[in-house]
Number of protein chains: 2
Amino acid sequence: MLTTKRQQIILSILKKQLNATIHELSEATNASISTIRRDLEQLEKEEKLKRVHGGASYIQTKLYEPKLEDKQGLNEVAKEQIAIEAGSLVEEGDCLFIDAGTTTRHILPHLVGKNNVVVTNAYHFVDFLLRQGIETYITGGRAKSKTGALIGVQAEDSLMSFRFDKCFVGINGIHPVHGFTTPDPEEARIKRMAIELSREAYVVADETKFQEVSFSKVADLKKASIITDLNETTLISALAKLTEVRVVNK
Amino acid sequence: MLTTKRQQIILSILKKQLNATIHELSEATNASISTIRRDLEQLEKEEKLKRVHGGASYIQTKLYEPKLEDKQGLNEVAKEQIAIEAGSLVEEGDCLFIDAGTTTRHILPHLVGKNNVVVTNAYHFVDFLLRQGIETYITGGRAKSKTGALIGVQAEDSLMSFRFDKCFVGINGIHPVHGFTTPDPEEARIKRMAIELSREAYVVADETKFQEVSFSKVADLKKASIITDLNETTLISALAKLTEVRVVNK
DNA sequence: TCAAATATCAATCATAATCATCCAAATGTA
DNA sequence: TACATTTGGATGATTATGATTGATATTTGA
């Protein structure tokens with residue numbers, strides 16, 4: 001086996017399980033213990049991993065390392081591209097609403113240094129936003145464990161006291177006739193309110209969300225622009241007659 | 001098993017339940033008592049946890065008023081004792097307010113299975129509460145990075161829509177004449193409101209908070225009972241004339 | 001409240017696992 | 001073939017582990 005190939009295997013194992021023993025790696029690559037040792041020595045010099053007694057550990061590259069389940073998500077690249085586009089729309093001093101969701105989560109790192117005020121209904125966004133030095137408000141309400149969103153009358157009431165320059169909302173279904181839809185009626189109400197309270201509203205959605213219809217209607221397509229990685233020209237032009245569509249390339 | 005892997009497991013257990021016995025950790029990692037001791041010794045040097053007799057305790061990294069004693073995690077045992085007492089006061093079905101703070105944080109693990117509804121102004125409590133299966137509401141408001149509390153008019157407005165059976169509030173200063181005090185005026189307003197909205201109000205405070213006076217007055221002593229580890233009989237009996245004092249022994 | 005019973009602690013030791021280093025065999029290259 | 005590189009195994013040195021011990025700390029029970 002090629003040396004570089006073997007080292008790639010080592011790194012991919014570490015990326016997956018964060019730690020590995022020398023023996024595990026030796027077995028996975030059919031190389032001897034000594035060879036693995038040499039690989040680890042070299043890869044440590046290149047700062048690709050950290051050696052520990054008995055094996056090696058993955059080096060967390062960024063401050064925010066995406067959680068394991070995120071990392072394995074199929075559409076991570078698309079989400080990141082969409083998030084970059086969304087971030088580029090944000091102007092100095094904008095007051096923003098950012099909805100709970102995995103795609104919207106990706107927008108947060110692209111807000112640095114623009115002096116924004118961010119309101120969110122996702123309690124787990126707050127830490128990250130504060131660490132970036134962004135003035136952060138959170139809506140009140142009942143915490144929903146599955147999506148990490150705040151919902152209910154308290155959430156709606158506290159949302160009412162804000163007005164936004166722009167909002168970014170995640171969505172489950174986009175359909176030319178049925179508009180924007182999402183499974184949870186209470187979440188739908190929050191999304192609808194956020195869109196209504198914004199000067200400019202954007203829905204972020206990767207290609208899997210199109211032609212889908214979910215239980216609760218959020219709004220008609222014309223109410224918000226769409227930012228997506230969708231790659232079907234006919235569908236895009238059909239939607240473009242109803243609202244603005246910003247397409248990013250994967 | 002890799003040493004680093006084992007230590008990661010230890011830290012994740014502590015993060016989940018805030019404290020653990022040596023035996024628990026030994027069992028969870030299939031390592032001997034001696035090995036766990038060595039791990040704890042090392043992790044304590046790295047300030048990743050605080051050792052206590054019989055086990056270890058989680059060090060809360062973020063939220064903070066920088067009192068030296070707190071920083072070094074010296075009062076972890078006291079906080080846990082206070083939290084146990086607080087938890088024992090909670091009855092089946094109670095609707096609770098739990099204030100942001102390091103001592104109040106310790107109360108959360110003692111709420112399991114009592115079918116409570118919890119309202120909090122600490123955005124970083126939500127994850128833990130939801131994982132315990134507790135119905136959780138959060139006040140809205142501006143997020144303050146130092147203490148992890150939600151403050152401002154939005155927080156006050158959303159707090160107004162609740163009524164509590166019991167509330168547990170952290171405090172910086174307790175003084176027979178000046179009452180309960182805390183540094184931030186906006187946090188003080190939230191604490192005061194929570195106390196007013198509760199049928200029974202409790203202030204949790206370790207011994208370092210007594211005879212201290214801070215900038216903003218929260219309430220008179222008579223407004224809330226005190227749960228503490230204080231060990232000065234003269235001071236306790238003086239305070240006991242003004243309000244209920246529940247003393248736990250370290 | 002005090003002393004006995006119990007549990008936990010730090011320190012030490014023998015054992016086992018892993019390490020860095022070296023060397024010879026295997027492989028790749030000119 | 002001659003040379004450089006890579007590989008796998010062997011060596012003593014280093015480190016991690018688990019059991020033991022006497023010293024402390026905590027709990028129990030009268």
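No hydrogens, no waters, no symmetry mates; every other heavy atom, side chains included, goes into these values. Chain naming here is simple, since letters A, B, ... match the order of the sequence lines and numbering starts at 1 in each.
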Visitor: Axis-to-axis angle across the helix from C/dT1-D/dA30 to C/dA30-D/dT1, five pairs an end, to 10 degrees?
Guide: 40°
Visitor: Treating primed atoms plus P, OP1 and OP2 as sugar-phosphate and everything else as base, which nucleotides of nucleotides 15-26 of chain D get B, S or - for protein heavy atoms under 4.0 Å?
Guide: SSBBB-----SS
Visitor: How would you list, by chain and number, every residue that makes a ring-ring contact (aromatic ring centres under 6.0 Å, His included) with B/His175, sequence neighbours excluded?
Guide: B/His178
Visitor: Rounded off to whole Å, could you give me the NZ-to-P distance for the A/Lys5 and D/dT7 pair?
Guide: 15 Å
Visitor: Taking only residues two or more places apart in sequence, or in another chain, which ones meet A/Phe125 in a ring-ring contact (aromatic ring centres under 6.0 Å, His included)?
Guide: none
Visitor: How long is the line joining CZ of A/Arg37 and P of C/dA17, in whole Å?
Guide: 13 Å
Visitor: Could you give the NZ-to-P distance, from B/Lys45 to C/dA10, as a whole number of Å?
Guide: 11 Å
Visitor: Rounded to whole angstrom units, what separation is found between the CD atom of B/Glu24 and the P atom of C/dA7?
Guide: 16 Å
Visitor: Taking OP1 and OP2 of C/dA20, is either one under 4.0 Å from a side-chain nitrogen or oxygen of A/Arg51?
Guide: yes
Visitor: C/dA20 C1' sits how many Å from A/Glu41 CD, rounded?
Guide: 8 Å
Visitor: According to ring pair (Phe, Tyr, Trp, His ring centres under 6.0 Å), does anything in residues 127-148 of chain B pair up with another residue at least two apart or in another chain? List the pairs.
Guide: B/Tyr137-B/Phe162
Visitor: Only counting residues at least two apart or in another chain, list the ones meeting side-chain contact (heavy atoms from CB on, under 4.5 Å) with B/Lys144.
Guide: B/Thr147, B/Ile151, B/Asp184, B/Glu187
Visitor: Going by side-chain contact (heavy atoms from CB on, under 4.5 Å), name the residues that satisfy it together with A/Ala20, two or more places apart in sequence or in a different chain.
Guide: A/Ile13, A/Leu14, A/Gln17, A/Glu24, A/Leu25
Visitor: Name all residues meeting the side-chain contact (heavy atoms from CB on, under 4.5 Å) criterion together with B/Ile236; count only those two or more places apart in sequence or in a different chain, and write none if there are none.
Guide: B/Leu230, B/Val245, B/Val247
Visitor: Side chains of B/Lys191 and B/Thr182: is there a donor and an acceptor less than 3.5 Å apart?
Guide: no
Visitor: Does a side-chain N or O of A/His23 approach OP1 or OP2 of C/dA17 to a distance below 4.0 Å, or not?
Guide: no
Visitor: Once ring pair (Phe, Tyr, Trp, His ring centres under 6.0 Å) is applied, what residue pairs with a partner in residues 185-206 of chain B remain, sequence neighbours excluded?
Guide: B/Phe168-B/Tyr202
